[in-house]
Every structure is written in C-alpha cells, then in structure tokens.
There are 2 protein chains.
Amino acid sequence: MEEFVSTFTNRLDSKGRVSIPASFRAVLARDGFEGLYCCPTLDQNAVDAGGNRLVTQIRSSLALFEPFSEDHEFLSTTLIGESEVLKVDPEGRVALSEAIKAHAGIRDTVTFVGQGYKFQIWEPDRFVAYRDEAKSRVRELRRRLGSGLRASGGTE
Amino acid sequence: MEEFVSTFTNRLDSKGRVSIPASFRAVLARDGFEGLYCCPTLDQNAVDAGGNRLVTQIRSSLALFEPFSEDHEFLSTTLIGESEVLKVDPEGRVALSEAIKAHAGIRDTVTFVGQGYKFQIWEPDRFVAYRDEAKSRVRELRRRLGSGLRASGGTE
DNA sequence: TGGGCAAATATGGGCGTCAATGGAATCGGC
DNA sequence: GCCGATTCCATTGACGCCCATATTTGCCCA
C-alpha cells in the first residue's frame with residue numbers, strides 16, 4: 001500500500017516503546033525516510049507522523065508565507081522547532097518522547113490514525129471524541145457543498 | 001464484467017470470514033487493487049467496498065481541500081482513518097473487522113450490493129429496509145417527474 | 001426433455017507464519 | 001563500573017494459506 005490507511009491501537013511497554021502498525025511500517029519503508037518524523041498537530045492534542053512525504057508537505061506549507069515574516073516565524077517555530085525524529089528499533093517500535101506524550105496526553109496506549117500521506121498519534125479516548133466531532137463536521141460539510149463531496153461516490 | 005452488479009447474500013463462518021461474490025471478484029481482479037478497500041458510509045450503517053476506482057473517488061474528494069486545513073483533516077480522519085484494506089484469501093474471502101461489523105450491525109450474514117464502480121456491504125435485514133425505503137422514494141420521484149423516468153422500467 | 005456428469009462456488013477447519021509484546025542481553029558514553 | 005539506550009530473543013495470539021467438502025450451476029448426451 002502506498003498510503004497510511006485505517007486506525008490501530010497499540011500498547012506502550014514498561015520502557016515506553018510502542019509498535020508502529022505493520023501496514024504503516026510498510027508505507028514508511030517505501031517512503032525511504034530514516035526514522036519517524038513527528039510534529040505536533042496544530043489544532044489538536046495529537047501528533048502528525050510520517051516520512052519524506054510529510055516533511056515535504058510541511059515545507060510547502062511554510063513556503064506559502066513570506067520568509068522572515070512574523071507568521072513564517074511562528075509557523076516554523078511550531079512546525080520545525082517542535083518536531084522530532086524518532087528512531088525505529090528492529091522490531092518496528094518507537095519510544096515516544098516525554099514532550100509528545102505530554103502534548104497528546106498519552107499514558108499506556110496510543111491510537112494510530114492513517115491519513116494518507118501521514119498518520120496521527122492520539123491518546124485513544126481523545127481520538128474517539130475527535131473522530132465523532134470530525135464525522136459530524138464532514139456530514140455538515142457535505143450538506144453545504146452538496147454533490148462535490150460524496151464519500152460514497154454518488155454517481156448512481 | 002466491468003462493474004459491480006446485482007445483490008448477493010453470504011454467510012460468515014466461525015472465523016468471521018465471508019466469500020466475496022464471484023462476479024465481484026472478477027471485477028476486482030480487473031481493477032487490479034490488492035485486497036478490498038472498505039470505507040464506512042457516512043449516512044447509512046453500511047460499508048462501501050471496492051478497489052482502485054473507489055480509492056480514486058475518495059482521493060479526489062479530499063483533493064478539493066487544502067492540506068493542513070481543518071476541513072481536510074476532518075475528511076481524512078473520517079474517510080481514510082475509518083477505512084480498512086482487507087486481505088482477500090486464496091478462496092476469495094475476507095475477514096470483516098470488528099469495527100466494520102459493529103458499524104453495519106453484521107452478525108452471521110452479509111449482503112453485497114453492486115453499485116457500479118463500488119459495492120456495499122450490509123446486514124441483510126437492514127438492507128431490505130433500506131431498499132424498500134429507496135424504492136418508495138423512487139416511486140414518489142416518478143410521480144413528481146412524470147414520464148421522464150419510464151424508460152428504466154420499474155417493475156421487477 | 002430429463003438424467004447425470006463436470007466445473008465452479010460457497011463453506012469448514014487445521015496448521016504455519018508473522019505481528020505485537022515482554023523481558024534479557026549488550027553496547028555506548030560519562 | 002553505572003546508567004541509559006539499543007539490539008536480541010522468546011512468547012502468545014491473530015491471521016494468512018492450504019486442503020477438504022458440499023452445494024450449486026451449467027452442460028452434454030441420451
């Protein structure tokens with residue numbers, strides 16, 4: 001598979017390690033990035049994670065702003081300054097940093113959420129709440145935008 | 001055959017596996033996608049399933065939104081995060097995940113409903129109810145629109 | 001037209017492999 | 001030599017793969 005798809009929940013062990021879902025590892029291997037690039041999600045208490053495609057995406061987002069502008073500074077401080085590159089052990093596990101665990105409120109379990117070119121890392125309960133919120137927002141979005149957005153396709 | 005057509009109902013075995021209807025397998029084989037892409041439908045308790053054509057459809061919906069925008073995040077969380085890629089065994093069966101079974105209310109039988117470039121997976125009773133509802137809506141539509149909808153013939 | 005043979009499909013279960021997890025061993029630096 | 005970090009190994013349980021059976025479908029021939 002080319003993209004991060006689906007949702008998985010795994011447990012942290014006593015050393016704070018957690019397995020990256022096998023299907024996500026396969027995508028990362030294709031991507032070629034060494035390690036796991038992690039960047040706090042801007043609007044939620046979660047973490048964006050991925051490889052080269054995520055890094056590229058972040059760069060191009062930054063490029064939309066004038067260099068040395070205040071906005072650019074703020075963004076790069078957050079997107080780059082708060083980012084980390086986690087090492088992946090031979091079994092495909094990572095050790096989440098204290099900063100990440102604190103930001104996301106993670107204790108002993110984490111949820112991995114595929115989002116195509118990247119995935120997110122959540123504390124499971126918080127994710128469920130966010131998912132429900134997202135779902136209702138999408139329904140609303142569909143009502144507003146109409147036919148352009150048919151999850152179920154729609155050309156019948 | 002190029003498209004998913006007709007309706008089939010099969011049973012789940014003790015391992016939770018169910019055969020994909022043979023004619024659907026033929027369409028999937030042509031499509032070339034490895035596995036079965038499944039995405040819960042937003043408005044019904046059912047699942048959209050298919051291959052590359054379905055994936056393309058979903059992706060193009062997402063592409064309408066700016067990456068990192070809030071709407072894009074909501075959409076990818078809902079559409080991609082809730083999707084799964086099921087493996088198809090050598091006999092043409094898939095094991096439905098707990099998440100899918102819960103969403104669709106599936107217990108020991110499932111109904112496959114062809115919808116052209118994709119098909120849907122339903123709990124049989126719920127599908128019958130949905131189909132009847134849809135049918136009466138069509139009748140009503142025909143009354144309102146008059147002769148325009150005759151050609152497709154309607155009595156089965 | 002009817003019987004029966006043959007192919008394909010749906011279904012059932014056993015077994016090996018891999019992924020997730022836990023813990024021990026080893027390597028590094030201070 | 002101690003401590004943290006990384007690698008190695010071992011267990012468990014789920015999942016994929018294989019083979020077996022049955023039920024259906026279509027086909028051929030009498």
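In what follows, every chain begins at residue 1, and chains take the letters A, B, ... in the order their sequences are listed.
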Between protein and nucleic acid, restricted to nucleotides 7-9 of chain C and to nitrogen or oxygen atoms under 3.5 Å apart, what atom pairs and distances do you find?
none

* Between A/Lys101 and A/Glu98, is there a salt bridge with N-O shorter than 4.0 Å? -> yes
* So, are B/Lys87 and B/Glu34 salt-bridged, with charged N and O less than 4.0 Å apart? ->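 The answer is no: the pair does not qualify as a salt bridge.
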* Asked: Would you say B/Arg131 has more than 12 foreign heavy atoms packed within less than 6.0 Å of its CZ?
  ->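 Above 12, so yes.
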Would you mind writing out the side-chain donor-acceptor pairs for residues 121-129 of chain B within the sub-3.5 Å range, not counting sequence neighbours?
unit_1	atom_1	unit_2	atom_2	d
B/Trp122	NE1	B/Gln120	OE1	2.9
B/Glu123	OE1	B/Asp125	N	3.0
B/Glu123	OE1	B/Arg126	N	3.0

Find the distance [X]:[atom1] to [N]:[atom2] and express it as a whole number of Å.
X	N	atom1	atom2	answer
A/Phe24	C/dC18	CZ	C1'	18 Å
B/Leu96	D/dA14	CG	P	17 Å
A/Phe8	C/dA19	CZ	P	12 Å
B/Asp108	C/dA10	CG	P	17 Å
A/Asp13	C/dA19	CG	C1'	15 Å

* Indicate whether any N or O donor in one side chain lies under 3.5 Å from an N or O acceptor in the other, for B/Ser97 and B/Glu84. => yes
When only distance counts, do a donor and an acceptor, one from the side chain of [X] and one from the base of [N], lie under 3.5 Å apart?
X	N	result
A/Lys15	D/dT6	yes
B/Arg17	C/dG13	yes
B/Arg93	D/dG16	no
B/Arg11	D/dT23	no

* To do: Report the residues that fulfil side-chain contact (heavy atoms from CB on, under 4.5 Å) with B/Pro67, sequence neighbours left out, ordered by chain and then residue number.
  =>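 Per chain and number, B/Pro67 pairs via side-chain contact (heavy atoms from CB on, under 4.5 Å) with A/Gln57, A/Tyr117.
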* Asked: Counting only non-hydrogen atoms, which of residues 83-91 of chain B are less than 4.0 Å from DNA chain D?
  ->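 B/Lys87, B/Pro90, B/Glu91 - these, ordered by number, are the residues of the stretch whose heavy atoms sit under 4.0 Å from the strand.
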* Between B/Phe24 and B/Phe8, does the ring centre distance come in under 6.0 Å? ->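 Between B/Phe24 and B/Phe8, the centre distance is under 6.0 Å.
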* To do: Identify, between A/Thr9 and B/Thr9, the residue whose nearest nucleotide on DNA chain C lies closer to the 5' end.
  => B/Thr9
In residues 103-111 of chain A, what donor-acceptor pairs under 3.5 Å come from side-chain atoms, sequence neighbours left out?
unit_1	atom_1	unit_2	atom_2	d
A/His103	NE2	A/Gln44	O	3.4
A/His103	NE2	A/Ala46	O	3.1
A/Thr111	OG1	A/Thr9	OG1	3.0

* Apply ring-ring contact (aromatic ring centres under 6.0 Å, His included) to B/Phe33 and list each qualifying residue two or more places apart in sequence or on a separate chain. => none
